[in-house]
> 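Quick one: the structure is below, and I'll ask about it shortly.
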Amino acid sequence: MQVKAPRGTYDVLPPDSQKWQYIEQVIQETARLFGYSEIRTPIFEHTELFERGVGETTDIVTKEMYTFQDKSNRSLTLRPEGTASCVRALIEHSVYGGLMPVKWYYSGPMFRYDRPQTGRFRQFHQSGAEVFGSNSPYLDAEVIMFLVQILSNLGLRDYELHLNSVGCPLCRESYRQKLIDHISPVKEKLCIDCQSRYEKNPLRVLDCKVESCHQAIAGFPYIYDSLCDDCQEHYILVKATLEDSGINYLHDNNLVRGLDYYTNTAFEIHIPSIGAQSAVGGGGRYNGLVKACGGPDIPGIGFALGMERLLLALDSLPDREEPNSKLDVFLAVLDEKYDNQAMQVLDRLRKAKIMVDRDYTGRSMKAQMKYADKLGARIVILMGEDEVNRGCFTVRNMSSREQLEVQTEQLIPAIIDILT
RNA sequence: GUGGGUGUAGCUCAGCUGGUUAGAGCACCAGAUUGUGGCUCUGGGGGCCGUGGGUUCGAGUCCCAUCAUCCACCCCA
């Protein structure tokens, strides 16, 4: 039986890898403009980091983690998201002791044991950003502007920005009580999942998509109405800043992010056209997280983008012109006795920054011409007996079909002349 | 974890109610006179018909299981 890539994983082959390079490049450039520097963290961490940092009641921790024992019986977990590792690194290296705020971005694979479907894999890729050390609502706005700028630079237009505030621990507690008061009379009508959600984290009952649960909790209070004065002001400033920047958003009372550590601003980007898994990005503020992970009481905010979902959205766009991967020059070697000399020619051209390739499978001249054509070569250099004896090359312009003979020392200038 | 669809050549697929050596298009390779590409023509290589069992004189085709994949649910990126 043939060995195949494990379930929920896949290979990125050329030319698809070019699309990945393109997205990563756009993110890098945008990050630089916004003043974010790259951080690279391990792909696995101690399991307890995610249990504490992501939240023990979340689906990610309860059923989706790739956890294993190493040879010393440590419990390790393939990272399911990027924030926890950033927080760990911030604390471990006392980065907060330096210049604040700390503005990081990252890109890389994440792992969740889920059933694969459109836009969902077991090894998937996220790029994200994290900022530590400021509770300014203008920073919330900047983080969202960063995210939106990436989408815009990629040429994506038809996205929805959903926005909400989940408040601070204070207003969240009063809201939680209001919600419990509202739900408890109809508790029996909820689905099994919601009954356990009600026990563990009542806020997540609001996320349920079961119709009967929707009806049962109709008229539930919104957290927005329970926000304390500070949280309200914070949220208003975030919204006003976005409005002034011309960023459209939808206030979404039902947006209660699945991760436990979020406070205040929460947001998600949806592109409905890519399928059921339409969230291409999401994030929010997590002011309690650093402390919860054993660090000082430092506020944080961040987001993550799903690369596979971005790719899906990009695929439905009109074709972007591919980066120039076509060959400049093909060197046709007409007799194997010139193989060695041919390698010297390749070397010279490449050192002159000319993109050049040749055949290594012993093709006939005609086949080499065909091959060169398929590689998209703009020029073919012919190197046969005539040329070698006379110390020259035949240079063929593939689009005009014109050929000229050039002396060895004139080869590079002649090629550059045709290419430019 | 649950439900449904699909597994035949490198890719996209055909193969009617079970019946001889399993096909097409594309791709790949080679030719169409001497050292010249795109178009056309001719030829060629490639398939344990996902895997394992079962029914049958006979299975790509029917039944069961299993694996993979796709779509959806849950949840999220």
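So that the names make sense, note that chain A is the first sequence line, chain B the second, and so on, each numbered from 1. Here the structure is a predicted model, which means the values were calculated and not measured.
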> Pick the nucleotide of RNA chain B nearest each of A:Leu334 and A:Arg122; which residue has the one closer to the 5' end?
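It is A:Leu334, whose closest nucleotide lies nearer the 5' terminus.
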> If you go through the side-chain atoms of A:Glu81, does one of them form a donor-acceptor pair with the base of B:rC76 closer than 3.5 Å?
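Side chain to base: no pair present.
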> Please enumerate all residues that pass side-chain hydrogen bond (donor to acceptor under 3.5 Å, both in side chains) together with A:Asn287, with sequence neighbours excluded.
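Once residues adjacent in sequence are excluded, the partners of A:Asn287 under the side-chain hydrogen bond (donor to acceptor under 3.5 Å, both in side chains) criterion are A:Asn135, A:Arg285.
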> Grab the CZ-C1' distance between A:Arg378 and B:rG38 for me, whole Å please.
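Roughly 17 Å, once rounded to whole Å.
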> Show every salt bridge (Lys or Arg N to Asp or Glu O under 4.0 Å) that has at least one partner inside residues 33-49 of chain A, sequence neighbours left out.
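Those involving residues 33-49 of chain A are A:Glu38-A:Arg40, A:Glu45-A:Arg88, A:Glu48-A:Arg52.
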> Can you build the contact string for nucleotides 1-13 of chain B? Use B for base contact, S for sugar-phosphate-only contact, and - for no protein heavy atom under 4.0 Å.
BBB----------
> Name all pairs fulfilling the ring-ring contact (aromatic ring centres under 6.0 Å, His included) condition that reach into residues 362-385 of chain A, sequence neighbours left out, sorted by first residue then second.
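For residues 362-385 of chain A: A:Phe330-A:Tyr371.
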> Between A:His182 and A:Phe220, what is the ring plane arrangement, given parallel below 30°, perpendicular above 60°, and tilted in between?
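Answer is perpendicular, since the angle exceeds 60°.
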> Sequence neighbours left out, what passes ring pair (Phe, Tyr, Trp, His ring centres under 6.0 Å) with A:His46? Give chain and number order.
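Ring pair (Phe, Tyr, Trp, His ring centres under 6.0 Å) list for A:His46, sorted by chain: empty.
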> Considering only heavy atoms, which members of residues 389-399 of chain A lie under 4.0 Å from some atom of RNA chain B?
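Those residues are A:Arg396, A:Met398.
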> If you assign A:Met383 and A:Gly306 each to the RNA chain B nucleotide with the nearest heavy atom, which residue ends up on the more 5' nucleotide?
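Its nearest nucleotide being more 5', the pick is A:Met383.
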> Pairs counted only when both distances fall under 3.5 Å, Watson-Crick or G-U: show me the 5' to 3' dot-bracket for RNA chain B, [ ] for pseudoknotted crossings and | for other-strand partners.
(((((((..((((.....[...)))).(((((.......))))).....(((((..]....))))))))))))....
> Within the pair A:Lys366 and B:rA32, is there a side-chain N or O less than 4.0 Å away from OP1 or OP2?
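No, because none of the side-chain N or O atoms of A:Lys366 sits under 4.0 Å from OP1 or OP2 of B:rA32.
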> Is there a donor-acceptor pair closer than 3.5 Å between any side-chain N or O of A:Ser152 and the backbone N or O of A:Val148?
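Looks like no, no N/O pair under 3.5 Å.
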> Ignoring hydrogens and geometry beyond distance, is the side chain of A:Gln368 in donor-acceptor contact with the base of B:rU36 at under 3.5 Å?
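Flag unset: no donor-acceptor pair detected.
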> So if I take every side-chain heavy atom of A:Ala276 and compare against B:rG37, B:rG35, B:rC73, which nucleotide ends up nearest?
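Minimum distance to the A:Ala276 side chain belongs to B:rC73.
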> Ring pair (Phe, Tyr, Trp, His ring centres under 6.0 Å) with A:Tyr36: which residues, sequence neighbours excluded?
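Once residues adjacent in sequence are excluded, the partners of A:Tyr36 under the ring pair (Phe, Tyr, Trp, His ring centres under 6.0 Å) criterion are A:Phe146.
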> I'd like to check, for A:Tyr371, whether its ring lies over the base of B:rG37 with centroids under 5.5 Å apart and a plane angle smaller than 30°.
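Aromatic stack with B:rG37 absent for A:Tyr371.
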> Got a sec, which pairs hit salt bridge (Lys or Arg N to Asp or Glu O under 4.0 Å) with one end in residues 390-408 of chain A, sequence neighbours left out?
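Output for this query lists A:Arg390-A:Glu405.
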> What nucleotide among B:rA68, B:rC73, B:rA77 has an atom nearest to a side-chain atom of A:Arg7?
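My answer, after comparing the listed nucleotides, is B:rA68.
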> Can you list every salt bridge (Lys or Arg N to Asp or Glu O under 4.0 Å) pair that touches residues 111-132 of chain A, not counting sequence neighbours?
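Pairs touching residues 111-132 of chain A that pass the test: A:Asp114-A:Arg120.
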> Tell me, please, which residues at least two apart from A:Phe267 pass ring pair (Phe, Tyr, Trp, His ring centres under 6.0 Å).
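Ring pair (Phe, Tyr, Trp, His ring centres under 6.0 Å) list for A:Phe267, sorted by chain: empty.
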> Check the phosphate of B:rU69 against A:Gln117, side-chain N and O only, distance under 4.0 Å to OP1 or OP2. Yes or no?
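Answer no for this pair, as no side-chain N or O of A:Gln117 is under 4.0 Å from OP1 or OP2.
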> Show which side-chain atoms of residues 406-420 of chain A pair as donor or acceptor with protein atoms under 3.5 Å away, not counting sequence neighbours.
from	atom 1	to	atom 2	distance (Å)
A:Thr408	OG1	A:Gly391	O	2.9
A:Thr420	OG1	A:Ile416	O	2.7

> Output the single nucleotide from B:rC29, B:rG37, B:rA77 whose closest atom is nearest the side chain of A:Lys374.
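So the nucleotide nearest the side chain must be B:rC29.
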